[in-house]
2 protein chains.
Amino acid sequence: MATARRGPYFCGLDAAMDVVAGKWKSLIIWELHEHGTRRFAELRRGLPGVSEKMLVQHLREMEEDGLVHREVYPVVPPKVEYSLTEHGATLNTALESLVEWGQERIRRIGAEKVPVDAA
Amino acid sequence: MATARRGPYFCGLDAAMDVVAGKWKSLIIWELHEHGTRRFAELRRGLPGVSEKMLVQHLREMEEDGLVHREVYPVVPPKVEYSLTEHGATLNTALESLVEWGQERIRRIGAEKVPVDAA
DNA sequence: CGGTATCCAATTCGATACTG
DNA sequence: CAGTATCGAATTGGATACCG
């Protein structure tokens, strides 16, 4: 499972892109930032179309990259909560201007927005 | 050649990521911003390891996305110059905080930097 | 509920050879 | 110089079934 390279990098942008590359990672950051904390099934519902495999895989990589914290509650039925670490939160901040740029671009090219379920 | 989706998107970040996804795109933006204008062979030298195929493909997509301008000079031998459009320049601006985040992350995880040829 | 495991499809990337 | 064309390898993503 060699998704993230983790270096060597050409420049800062290269390193940052490495960590957010992956079909759903940017959306996961968005979800966790919006909601603070999210259970596995909640994330799944918030990301319409994601498969369990991809969601787990991305979450594991982001955990390994120090962006996401995974809290396991030893109860039955199982309960696991995901949240952004401090480092993940700084990434979210660094992404803000890019989010705005993307919103402007959506207007510019007239792309539709996929409706996201409110949880 | 279906690299860019161009919508529909979940959010601004999704749309922005769509446009910079691709192994070399972020580096191309970086190069063009640093140097203002770049010929094909110069870009190739500035991106050690890129194949001609990928470089052309990424440049064409970025042109189609309105990020890159391609100026062809009808001379022999052929001369083509690439540069950022205004829209591309706004993207570069939006990426600045992400670049800084990435630089900090490189320090944090102690990844080496690939040496880039000075042209 | 929160995952694994497995298999398969789609996409992306790279190497090489060739062209106006 | 600035590309095309082609092929195959590698990576990524998706569907389904099953488990503690």
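The sequence lines fix the lettering, A, B, ..., with proteins before strands; numbering per chain opens at 1.
- In this view, B:Glu63 and B:Arg60, B:Arg70 satisfy the side-chain contact (heavy atoms from CB on, under 4.5 Å) rule, not counting sequence neighbours.
- Of the side-chain N and O atoms in A:Trp24, none sit less than 4.0 angstrom from OP1 or OP2 of D:dT12.
- At a cut-off of 3.5 Å, with distance as the only test, no side-chain donor of B:Glu31 or B:His33 sits close to an acceptor on the other residue.
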If you restrict it to nitrogen or oxygen atoms, what contacts under 3.5 Å exist between nucleotides 3-10 of chain D and the protein, and what is each distance?
residue : atom : partner : partner atom : Å
D:dG3   : OP1  : B:Arg60 : NH2          : 3.2
D:dG3   : OP1  : B:Arg70 : NE           : 3.4
D:dG3   : OP1  : B:Arg70 : NH2          : 2.6
D:dG3   : OP2  : B:Tyr82 : OH           : 2.6
D:dG3   : N7   : B:Glu52 : OE1          : 3.0
D:dG3   : O6   : B:Glu52 : OE1          : 3.0
D:dT4   : OP1  : B:Arg60 : NH2          : 3.1
D:dT4   : O4   : B:Glu52 : OE1          : 3.1

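- Taking atom CZ of A:Arg44 as the reference point, atom C1' of C:dG3 lies 10 Å away to the nearest angstrom.
- Residues that satisfy the salt bridge (Lys or Arg N to Asp or Glu O under 4.0 Å) test with B:Asp65, not counting sequence neighbours, are A:Arg105, B:Arg6.
- Considering only side-chain N and O atoms, B:His58 lies nowhere under 4.0 angstrom from the phosphate OP1 or OP2 of C:dT12.
- Per the geometry, CG belonging to B:Leu55 stands 14 Å off P belonging to C:dA15, to the nearest Å.
- Here A:Glu96 pairs with nothing under the salt bridge (Lys or Arg N to Asp or Glu O under 4.0 Å) rule; sequence neighbours left out.
- Atom CE in B:Met54 sits roughly 16 Å away from atom C1' in C:dT16 (whole-Å rounding).
- Rounded to whole Å, the distance from OH on A:Tyr73 to C1' on C:dG3 is 18 Å.
- The CD atom of A:Gln57 sits 13 Å away from the P atom of C:dA5 (whole-angstrom rounding).
- With sequence neighbours left out, the salt bridge (Lys or Arg N to Asp or Glu O under 4.0 Å) criterion links B:Arg107 to B:Glu104.
- The pair B:Glu71-B:Lys79 does not meet the salt-bridge criterion, since no charged nitrogen lies less than 4.0 angstrom from a carboxylate oxygen.
- Phosphate contact (OP1/OP2 of C:dG2, side-chain N/O of A:Arg39, threshold under 4.0 Å): present.
- A:Pro78 comes within 4.0 angstrom of a base, heavy atoms only.
- Protein atom NZ of A:Lys25 is 11 Å distant from nucleotide atom C1' of D:dT12, rounded to whole Å.
- In terms of phosphate contacts, A:Lys23 brings a side-chain nitrogen or oxygen within less than 4.0 Å of OP1 or OP2 of D:dG14.
- The CD atom of B:Glu61 sits 13 Å away from the P atom of C:dT11 (whole-angstrom rounding).
- The ring pair (Phe, Tyr, Trp, His ring centres under 6.0 Å) check on A:His87 picks up B:Trp101, with sequence neighbours excluded.
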